[in-house]
Structure formats: structure tokens, C-alpha cells
Amino acid sequence: MSLKSPNTLSWKYTKPYQYSIIFKENKIFINDQGKKSSVDAKSKTFEKINKLIVGSSNGKMFLDPEFVVAYFKNGTSNIAKFTPKSAQLLKYIKQIELHFPKNQTTVSQVNMTEASGDTTNIVFKNTKINAPIPASEFSL
């Protein structure tokens, strides 16, 4: 995952399959195993999803009035749990958890539970902060 402030995001999966999604200039670009498409992200729902994903990466999600935030601790992490307030977002996302290692301010893990109950767990490794990102990272 690469984030370029204020709201350009590239997210790529390599296993178990190739999948890339880029949020850029009010559009969402997708490359699903070689099948490329784009979606206009100006609809209210896509704007909220884009804001959610970028906000979880840049920390602005903590100020988003669309979510109820609860804070927890376990043996290794501080955890922020975000639950959408609007029925519109609850159609897609039930809850998002951000895990922060104790004494650190960067996210190490994201757990997302969809409305259907399916979960996505993302663990960040080899994190680089404020590293240069080539423009090619944000194109398919």
C-alpha cells in the first residue's frame, strides 16, 4: 500500500491473486488479474468509502463524525475500533479495527468486517514513512 497525501492511494495484492486498486482524482482504478476498469468515485457512497480507506491510512479517520470510535488495549497493541453511524456505510462495512503497536503511532494491522460477516485482515510489514514514491505507483 502506498499513500500520497492528501488522498491518493495505491493498494495491491500479490497473493493469492493479483489485484490492484488506486484511488486518485475522484476515480477508482482497478486491475483484477489483468482486467482493468475504472469507476467514477463522485457518488456519495464511493466518496465515503474513499474517505474511509484514505482516512484510516493518514489518521484523519479519528476525526470523522461518520464513525463511533472505541479504544482498547491488549498485550501488544492499542486498538481503535470504528463503527459506521450511517445505514449507507453499514451496508458495506460493519467495523474496522486499527492496531497500533504499543508506543508507536503507525498502524501495524487493519481488520475489516464487512456487513456480510466476511473479514479482511491486513498486516503491514516493511513500513516506510515519508519515503519517495514514484508516480508509476499510482497508475495501472
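All values derive from a computational prediction rather than experimental measurement. We use all heavy atoms of the structure for the numbers below, so side chains are in, but hydrogens, waters and symmetry mates are not.
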Atom pair [atom1]/[atom2] of [X] and [Y] - distance to nearest 0.5 Å:
X	Y	atom1	atom2	result
Ile22	Thr8	CD1	OG1	9.5 Å
Leu9	Lys4	CG	NZ	13.0 Å
Phe67	Ser86	CZ	OG	7.5 Å
Lys27	Lys24	NZ	NZ	11.5 Å

Name all residues meeting the side chain to side chain contact (heavy atoms under 4.5 Å, CB included) criterion together with [X]; count only those two or more places apart in sequence or in a different chain, and write none if there are none.
X	result
Asn74	Thr76, Ser77, Ile79
Phe124	Met1, Val107, Val110, Ile122, Thr127
Lys36	Asn31, Leu140
Lys128	Ala131

* Any donor-acceptor pair under 3.5 Å linking the side chain of Lys85 with the backbone of Pro65? ->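 Checked: pair present.
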* Could you tell me whether a side-chain N or O of Thr120 sits under 3.5 Å from a main-chain N or O of Met112, the two making a donor and an acceptor? =>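 Not a single qualifying donor-acceptor pair exists.
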Tell me, please, which residues at least two apart from [X] pass salt bridge (Lys or Arg N to Asp or Glu O under 4.0 Å).
X	value
Glu114	none
Lys81	Glu97
Lys12	Glu137

* Between Trp11 and Tyr13, how do the two ring planes meet: parallel, tilted or perpendicular, split at 30° and 60°? ->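 Taking Tyr13 first and then Trp11, their aromatic rings lie parallel (interplane angle under 30°).
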If you look at every heavy atom in [X] and [Y], which pair is closest and at what distance?
X	Y	answer
Ala80	Phe100	CB-CE1, 4.5 Å
Phe72	Ala70	CE1-CB, 3.6 Å
Phe138	Ser2	CE2-O, 3.6 Å

* To do: Kindly indicate whether the side chain of Lys102, heavy atoms from C-beta on, has any atom under 4.5 Å from the side chain of Lys73.
  =>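 Lys102 reaches Lys73 side chain to side chain.
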* Asked: Is it true that Ile30 and Phe23 fall in one hydrophobic cluster, defined by side-chain heavy atoms closer than 4.5 Å?
  ->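 Shared cluster, yes.
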* Asked: Given a cutoff of under 4.5 Å between side-chain heavy atoms of I, L, V, M, F, W and Y, with clusters grown through shared members, what are the other residues clustered with Val123?
  ->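 Reading the cluster by chain and number, Val123 sits alone, since nothing else belongs.
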* Asked: Apart from Leu90 itself, which Ile, Leu, Val, Met, Phe, Trp or Tyr residues share its cluster (side-chain heavy atoms under 4.5 Å, direct or through members)?
  ->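 Same cluster as Leu90: nobody, lone residue.
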* Candidate pair Ile93 and Phe82, rule side chain to side chain contact (heavy atoms under 4.5 Å, CB included), full reasoning -> CA-CA 10 Å; Ile93 298 166; Phe82 296 83; over 6 Å; no
* Using the test side chain to side chain donor-acceptor pair (under 3.5 Å), find all partners of Gln109 that sit at least two apart in sequence or belong to another chain. =>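 Gln109 satisfies side chain to side chain donor-acceptor pair (under 3.5 Å) with Asn111 once adjacent residues are dropped.
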